[in-house]
Amino acid sequence: MPLTHPETYLADLNDAQREAVLTTEGPLLVIAGAGSGKTRVLTHRVAHLLAACGVEPSEVLAITFTNKAAGEMRERIESMLGPVARAIWILTFHAACGRILRREAPRLGYRSNFTIYDQADQIRLVKQCLEELERDPKRFVPRGIHAQISNAKNQLVGPEEYAARVASFYDQTVADVYGLYQRRLFASNAVDFDDLLMLTVDVLARFPEARERWAKTFRYILVDEYQDTNYAQYELLKLLTGTHGNLMVVGDPDQSIYAFRGADIRNILEFERDFPGTRSIALEQNYRSTNHILGAANAVIAHNRERKEKRLWSELGAGEPVHVVELEDEHAEARFVAAEIAGLVELGYSRREIAVVYRTNAQSRVLEDVLVRQGIDYQVIGGPRFYERAEIKDALSYLQVIDNPYDAVSLLRIANRPRRGLGDTSLARLQSFADGEGISLWEALGRAEEAGLALASLRAAQSFRSLLQSSMAGALDMTVSEVVERTLERSGYLEALEAERTIEARGRIENLEELVGVAREYEDAAEEPSLSSFLQEVSLYSDQDALRDDDGSGQVTLLTLHNAKGLEFRAVFMIGVEEGIFPHSRSVEEGGVEEERRLCYVGMTRAKERLTLTHASRRSLYGRSDANLPSRFLDELPREGVERERLAPASWSGYGARREIAPRAEVPVLSTGDNVRHHTLGAGIVTRIEADGVVTVRFEDGAERRLMLEYAPLERI
DNA sequence: CCCGTGGACGCCCCA
DNA sequence: CGTCCACGGG
C-alpha cells in the first residue's frame, strides 16, 4: 500500500506544479523553464496517480530522454511509494519501443530476439550495400547516405515511399541503398535505432488489435523533454493515446537541441492544436540559478524569433556576475579554466560541483592535458565509449550471433576473431554463395564445402560453426554472465589476448572482465533475465548513462553542451564561445543558428552560482592556427550582471598554477605494468612512462589517464 | 593471410 | 594534428 498521502507530497509544490500534478485526465502540456522543477512534477504526478487515483503501476508509461533519467525518476518514485515503482514502465522512447516490438515483432515477420544495430554497425551495413550496388564510395559517402536514411525513418518514410519521391541521382542511390539496407536488416533479423520507432509505429498502425491492446495497457502516458521528440515519436504517442487522451508532456521549446536527429520543435509548439482540450501550464519559477545567470540566459534566448515568450525568475538573489573572458589561444584558455577551478576548490567547491562544457568533443583534449598536469581529477562524458571498444563489440557480437545467428554483421565481425584462418576471401566466397542461394550467411557457413572454400578455410569454417552451435545449446541453461565467460574462453578470444602479453591486451582483458560484471549486475536487476533482453538493454545504453556519482572529493565533469542537458552544477565554464565553433560553422551555413542559441541557453542555465564564458583570439584547428571572432551570443548578453575581461598572458600566468598544489615529497618509483592505486580513480595498471614524470594509467573502468607523478595521488600496490 | 605504413581526410551534436 | 582505411610487401 502506498506509504504516502496527497497532503504530504503536495505540500512541497508551488501552485503551478501542484496544478500539473492534480490534472490527471486529458491532454496536459507543461511548459517547464530550465530549473523549474519539472522532474519533481513528473515524479509527484506518477505518485499521485498511484497513491490517490487508483491507477495500477502497469498502467503508467513514463518516457524520459536517457536511461539515467529513467533510473533517477524510478528511484524518486520508489522513495515515495516503495517497491511498486519497479513495475512502472519508465523508459526512453527507444527502450519502450524495443519492449513493445519484442512482443509484436512476429506480426512484421521479425523474431522477438532481433538484434539492435548501433551506429557503427549501421554504417558498415550501408557500406556493404554500396559495394554490392557498385556505387562509387567517393561520391556516395556511407555516413551521408546513412544520415539520409535515418532522416527518412524519423519521418516515417519507408523505402518504397522514398523511392517514389526521388528527385535526383543522389536520391536515387539513397533509395536503392535504403531498400537493400532494409532487406539486409530483415534477413539478419536486425533493426537499427530508427527502426525501433518506425517499426513500432508501423505495427500499431497496421494491426488495430495490437494498438488497442497497448493503448488499453497504458492509460496514463507522461513524456519528458517533449521538445526533442521527432515525427515518429509524435505518431507513436497519438496511436497510444488516441482512445483515452491521457497524455502529459513536459518540455521547454527554448531547450530544443536535437533537430539534427529529427526532433521537431513544432511538436511542442502545436501540441494544443494536435490534442484538443489540452490544459496548459507554465512553470516559470526557477529554483536553480541566481538572477544574473538567468538574466544573461534570458537575454540570449530572446534573440530567437521562433519562440514563445517566457521569462524565468528566481528568488535566489542577484548572485555573482557572469564572466566573459578572452584568452590568447586554446592553451591559455585551458590553463585559465584549470586555475579558476583550483581557485573554486579553495573556496570550498567540490570538484563534482564544477563542469566545463563545450560544443564539440574534440575540445576536451587540450583541457585534459592541463588538468592532468595540475592534478585536478576530472571525468569526460562522451569520449571513447566502453561499448564501442573493439573487444567489447567483439564479445557482444559473439553473444548476438549465439542469440540470433542470422545477424550477418555480427557474424562477419567475429568470423576471424581471433584469427582462425577464415579471412576476407573465404568470407566473400561464403557471402556470394549465400546471396546466390538466397540463404543467410549462417546457413552458408553450414554448407561451406559447396561454397568452394579451400581446405584449410573449410576446416576453419566448420569448427567455427560447431563452436557457435554448441554455445547456442549451452546458452539455454546458463546465466548471461556464464555465457559471456564461456564464450570468451571457448572461442579462444581470451587466449589470443593473453598470448599477446602486452599491456594493451591486458587492458582489453580487464574491459572484458568489466563486461562480465555488467552481465552480473543485469542478472541481479532484471525481472526475467535472458540473453536477448540483456543484449537489447546494452544496445540502448548511452553515454550520459555512464555519468557516475563518484565518491571522495569528486571529479570535475567535462562534457558537450548536448550531454549537459538536464544536469546542473554550482559552477559552469563554457569554453570556445567563438564564431565558427559556437555557433558551429556548419550550423550557420545551414540556417541552424537558432538551435545553436538554444544550445547556448541550455548551457548557461546549467549553472547555479557561477557562469564563465571563455573565447580565444587564436585557436588551432586541423593543426592550423586561425583567428576566431567572439561568438555573436556574447554580443547578445546584457550589460548588467556581466563582467568582461581580456587576459593577456602576463597578467595571470602562474596564477593558480602549481603553488595551489604542492608537489609530493615522496614520489613512488614505477615501471610499466605496475599495479597502482589512485585515491579517487581506484586501482589501475601503468601502461606507459614518459621522461618528464608523466605516467599513463589504465584504470579498472577501462579509462586511460595521463598523470603527473609528482602531483597525482598514486601509490604502488 | 597478416601486418605495417602512408596517404587521405576530418570536427558537430546522439538514443 | 590525429585517425582510419586501403593497399602492398612479407
Under 3.5 Å, which protein N or O atoms sit close to an N or O of nucleotides 6-11 of chain B? Give each pair with its distance.
none

Under 3.5 Å between N/O atoms: give me all the protein pairs with nucleotides 4-10 of chain C, atom names plus distance.
unit_1, atom_1, unit_2, atom_2, d
C/dA6, OP1, A/Lys127, NZ, 3.3

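The aromatic ring of A/Phe260 sits over the base of B/dC13, with ring centres less than 5.5 Å apart and planes tilted by under 30°.
When heavy atoms are screened at a 4.0 angstrom cut-off, A/Asn416 is found touching the sugar-phosphate backbone but no base atom.
Side chain to side chain, A/Tyr378 and A/Glu368 meet the donor-acceptor criterion of an N or O pair below 3.5 Å. Side-chain contact of A/Gln182 with A/Lys153: a donor-acceptor pair under 3.5 Å is present, judged by distance alone.
A cation-pi contact links A/Arg261 to A/Tyr258, judged by a cut-off of 6.0 Å to the six-membered ring centre and 45° from its axis.
Between A/Phe186 and A/Tyr110, the ring planes are perpendicular. Angles over 60° get that label, and only those under 30° would be called parallel.
When the C1' atom of B/dA15 is taken as reference, atom NZ of A/Lys68 falls 16 Å away, rounded to whole Å. The distance from atom CG of A/Leu197 to atom C1' of B/dC14 is 13 Å, rounded to the nearest whole Å.
Between A/Leu559 and A/Leu567, the closest side-chain pair of non-hydrogen atoms falls below 4.5 Å.
For B/dC14, the OP1/OP2 oxygens have a side-chain nitrogen or oxygen of A/Asn361 closer than 4.0 Å.
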